[in-house]
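Right, one structure below, let's go through it.
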Amino acid sequence: MAHLFRELSLGHSKRESTPPPPPIQTQPMPSKLISTGLQSPLGQLASQLSDSDLRLTAYDVFLAVCRTSSSKPLSTSASFNSDSPSLNSPSSNHNNNHSPQTPALQRSLTSQAASKMKKALGLKSPGSSSVSKKSPGSGPGSGQGKSKRPATLGELMRIQMRIPESVDSRVRRALLRIGGGLVGRRIESVVLPLELLQQLKQSDFTDQQEYDAWQKRNLKVLEAGLLLHPRVPLDKSNNLSQRLRQIIHAALDRPIETGKNNESLQVLRSAVMSLASRSDGSLSDSCHWADGIPLNLRLYEVLLETCFDINDEASIIEEVDELMEQIKKTWVILGINQILHNLCFTWVLFHRFVATGQVEMDLLYAADSQLGEVAKDAKTTKDPEYSKILSSTLSSILGWAEQRLLAYHDTFDSGNIYTMQGIVSLGVSAAKILVEDVSTEYRRKRKGQVDVARSRIDTYIRSSLRTAFAQRMEKADSSRRASKNQPNPLPVLAILAKDVGELAVHEKQVFSPILKGWHPLAAGVAVATLHSCYANEIKQFISGITELTPDAVQVLRAADKLEKDLVQIAVEDAVDSDDGGKAIIREMAPYEAETAIANLVKGWIKTRLDRLKEWVDRNLQQEVWNPQANQEGFAPSAVEILRIIDETLDAFFQLPIPTHPALLPDLMAGLDKCLQYYVIKAKSGCGSRNTYIPTMPALTRCELGSKFQGVWKKKEKSQNFQKRNSQVATMNGDNSFGVPQLCVRINTLHRIRSEMEVIEKRIITHLRNCESAHVEDFSNGLSKKFELTPGACIEGVQQLSEAVAYKIVFHDLSHVLWDGLYVGELSSSRIDPLLQELERNLLIISETVQERVRTRIITDIMKASCDGFLLVLLAGGPSRAFSRQDSQIIEDDFKALKDLFWANGDGLPADLIDKFSATVRGVLPLFRTDTESLIERFRRVTLETYGSSARSRLPLPPTSGQWNPNEANTLLRVLCYRNDETASKFLKKTYNLPKKL
């Protein structure tokens, strides 16, 4: 080997005197690739090798392996063609016009047959009629710039790698010299940069600057391949590595003379070959100078990039099959195998898609297809170095994809949405390999538990929609600020709800159909995410609102509509799923917007009702129940409370809520209770029937023939009057409880009751105008009717009517009834004064009380008069006594009383008079019955009541107050007031009744 290089060196020395003329400089066509910001995952070099350095070195390797792949030695070329454009330079005639072309590189090119590789990758081949695309070699880098296809594979490679012809020619000459000593040996047994340094000298270069750059590049390649990234790891104590490092650094600082077999190169060769010849465990005699990771991968990456047309950088050349066949021959030097090739080619395809603006989908699909091969390799190859590169490459691809997919609403629009499916597919494929074949966590789990694709898509959807939601929220806030000076601007959350709804529809129509290929519930996950995002805002809003405002209702209604729309999308999306979408729906915890509206409305109702109740208390304390307050004769406070109720109902139905029918019962119940409260307060303190009926005096018997009878009667009269007045004393001190005032109260309660029907009809009208009302809302009568107030009004009118009647008879007319009627001589104390007073009061009532309740009050006055008449006859005290002869006077007086209420047919109906006078008519015949018959009748009734125990002594029957001619107490009282000796003796003997109280 040394002898070979010595001969080559001598040969070169003979040519030093005639340096070649400078070649014509050609500029490579400028690249249109854009910066991707993606660092190569194949590894970063520790040495300062530029992209140009890597490209030139890769070309050196390519030429070297292609020249030695033929069975013939490199020093001969049967296919030499002096007119080849690859030698079209002043230096091409150097060395006796011997062209360093080889059969492999000299192979003629054809594109008639479609590329098998492009077909396998799904790449389209341009038709024969296509003239728009330029062929490789038509640009400035193709020699003299003539627009023609390269004639040979070698020429194609030079053009694709943008190598000037002068550089190509120089490398070929050096390889020719090197090849002379390789007969019977393989190219991988030499260290190419070292041999190039040995064969080329300064005179082979255009200028000193080019020579220095070339020397430094080869030295840095040796440093990278042998010291920084060696195939066989270096021992820290290895003196050879220290020595080589010193030599290279010294040469970088002060260039050495190359092209000669001098001492400097001998020292360099010794150090290089000692390190390069170390065995990696294989049986081959290869030198290891470019097969360490990542140097080999970076060089191979440069070679693979030549598959792309330099004039259409998003397209793969038609000759890719032939070119790839030659590129794969570099594996022996670079230490590449099929699995590394698959990984590198995947990265190159992907990177080119990104670098050409992400528009050529064929490249993306090809990368995804090639990733399928990587997935197969990953399952069968567990080499740690490979796993590290695999993880780095897939992470880079996945990182790029996820940068777009985690916010795909920002990434994709109508102009590039067609790229989304390919990017998703690539990202998911990368993620699956990483998780299933690289991650140790996955191996610890059962594979059935992890659906990588679905999990990733789920993550992309949620992340992107959260980002989109945040943007919509910021936009809504800006929109609100921009419209703050406009009338009735929409609240932020109402704007946001509308925007989110539109976003959900856009998601369903545009993105979900794409993502559904990997996630069956893509739309459901999307709306669930939006639902959750909006939930955070709406729940915070709901917790902060304390009263019903137009803005609050607007926001809550918008939230409710949004929620219904989102749930509908989720349900439609999940119609074919296993669980019918239950899991997604469960994820969407309700906003409770309707509940919040209901609670606010209930709060609004409570506030109104509390104010109304306070108003009732305040106004009823001030109410004087003046009959002249208005023509209708009812209290002004009733007019006001009915007006307030009307206003409250109007305000309720004007609330911008969708649930009037549902919340109406709460309002109705509250108003009903307020009105009932008013009715109860209006009748409170007015007394009742029992308030005015005097206490009956103890039973006595008549004192016959006493001349002092009149005196006793006067004293008893005074006592009775005081006793009776003590019961009604509380009624005399307040003018608001007079008969006219009580009549106003009755009118008021009647008016309230009659207005209930009017209000209920008005509610029906309101309901018909409600947007949310349904047929059942009208059929369900309970929700729109007052239940408590009508009954309270009826009861109140009844109580007040009886109170008026018994107040007139027993309190206001006590002086003519209790104190005057039948006191002393009957002829001088008959009923006429009572009838006159009754008539006067009836006139007042007729003028005060409304017609529809007037009959009831007059009827109650007649009942009270009958009760008073009987009370005088049966419990009038010792001042009254009746003989059988007085019965006619009593009957005539009672007829006059009935005639007063009949009023010659203008008063109460006769049948009503007969009904309520029946008790008096039944008792009056007892006053004309003889005493003995009365006593016998009394004995019989008492024995019937008490049985045989009453035979020895008749018990004193209790006073029931229910007068009846067949009732023992009634018969006894007739005997007590019988001005008769027989009666007096019977009462004295049987009960020992006194003659006076």
Side-chain angles (χ1 to χ4, degrees), residues 1-2 4-6 8-13 16 19 45-61 64 166-167 170-171 173-175 177-178 181 190-232 234-236 238-278 287-292 294-296 298-299 333:
M1 187 74 184
L4 168 65
F5 280 104
R6 242 188 334 269
L8 288 174
S9 178
L10 292 172
H12 274 276
S13 64
E16 285 178 2
L45 297 175
S47 61
Q48 297 178 347
L49 284 170
S50 65
D51 290 344
S52 177
D53 292 338
L54 290 173
R55 180 167 47 84
L56 291 167
T57 303
Y59 188 68
D60 292 346
V61 173
S166 59
V167 173
R170 182 168 59 237
V171 175
R173 288 199 308 274
L175 289 173
R177 299 169 194 167
I178 295 168
V190 301
V191 179
L192 186 59
L194 178 65
E195 302 304 335
L196 290 174
L197 287 170
Q198 184 76 58
Q199 297 303 324
L200 294 176
K201 56 183 182 297
Q202 183 176 348
S203 60
D204 291 315
F205 294 86
T206 307
D207 52 36
Q208 182 70 35
Q209 184 179 356
E210 185 185 16
Y211 171 67
D212 290 345
W214 168 83
Q215 184 181 138
K216 286 183 178 180
R217 170 172 66 84
N218 281 286
L219 289 170
K220 284 189 285 186
V221 169
L222 288 173
E223 180 186 34
L226 296 171
L227 298 176
L228 301 177
H229 309 291
R231 169 75 169 216
V232 181
L234 289 171
D235 189 348
K236 290 183 179 180
N238 191 317
N239 294 328
L240 291 173
S241 62
Q242 298 295 334
R243 177 63 178 150
L244 179 59
R245 185 174 286 109
Q246 293 170 2
I247 294 170
I248 291 175
H249 287 179
L252 289 173
D253 293 337
R254 184 178 181 182
I256 60 175
E257 185 180 0
T258 62
K260 295 181 178 180
N261 194 16
N262 54 29
E263 184 180 356
S264 298
L265 282 177
Q266 290 290 356
V267 171
L268 177 63
R269 174 179 293 280
S270 174
V272 166
M273 293 308 294
S274 296
L275 291 176
S277 301
R278 292 177 305 138
C287 287
H288 304 292
W289 65 271
D291 50 357
L295 177 61
N296 61 342
R298 296 300 304 277
L299 290 171
I333 290 180

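Positions are given from 1 along the sequence. Note that the coordinates shown come from a computational prediction; the quantities given were computed from them, not determined experimentally.
Distance alone, capped at 3.5 Å, is enough to place a donor-acceptor pair between the R278 side chain and the L275 backbone.
Within 6.0 Å of the CD atom in Q242, the count of heavy atoms belonging to other residues, nucleotides or ligands exceeds 12. Surrounding CG of D51 are at most 12 heavy atoms belonging to other residues, nucleotides or ligands under 6.0 Å away. Surrounding CD of Q208 are more than 12 heavy atoms belonging to other residues, nucleotides or ligands, all under 6.0 Å away.
L56 places none of its side-chain heavy atoms less than 4.5 Å from the side chain of V171. With a 4.5 Å cut-off on side-chain heavy atoms, F205 and L200 count as touching. Using a 4.5 Å heavy-atom cutoff, the side chains of R269 and Q198 are in contact. Contact of the V221 side chain with the D53 side chain is not registered, since no non-hydrogen atoms from C-beta on lie closer than 4.5 Å. Side-chain contact between I247 and L219: absent, with no pair of heavy atoms (C-beta onward) separated by less than 4.5 Å. Between I333 and L299 there is no side-chain heavy-atom pair separated by less than 4.5 Å.
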List the atom pairs, donor and acceptor, that lie under 3.5 Å between side-chain atoms in residues 222-231 and the rest of the protein, sequence neighbours left out.
unit_1	atom_1	unit_2	atom_2	d
E223	OE2	H249	NE2	3.0
H229	NE2	A46	N	2.9
R231	NH1	D291	O	3.3

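The distance from atom CG of L252 to atom CD of Q48, rounded to the nearest 0.5 Å, is 9.0 Å. To the nearest 0.5 Å, the span separating CD on E210 from CD on Q215 amounts to 13.0 Å. Note that OG1 of T258 is 11.5 Å distant from CG of L194, once rounded to the nearest 0.5 Å. The OG atom of S274 sits 11.5 Å away from atom CZ of R243, with the distance rounded to the nearest 0.5 Å. We find the CG-NE2 distance between N296 and H288 to be 12.0 Å, quoted to the nearest 0.5 Å.
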Checking side chain to side chain contact (heavy atoms under 4.5 Å, CB included) for the pair L197/I256: CA distance, chi angles, key distance, verdict? CA-CA 10 Å; L197 287 170; I256 60 175; 5.6 Å; no
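Under the side chain to side chain contact (heavy atoms under 4.5 Å, CB included) criterion, N262 pairs with E257, K260, S264, L265, not counting sequence neighbours. Applying the salt bridge (charged side-chain N to carboxylate O under 4.0 Å, His left out) criterion to R217, with sequence neighbours excluded, gives D60.
A donor atom on one side chain and an acceptor atom on the other are not found under 3.5 Å apart for Y211 and T206.
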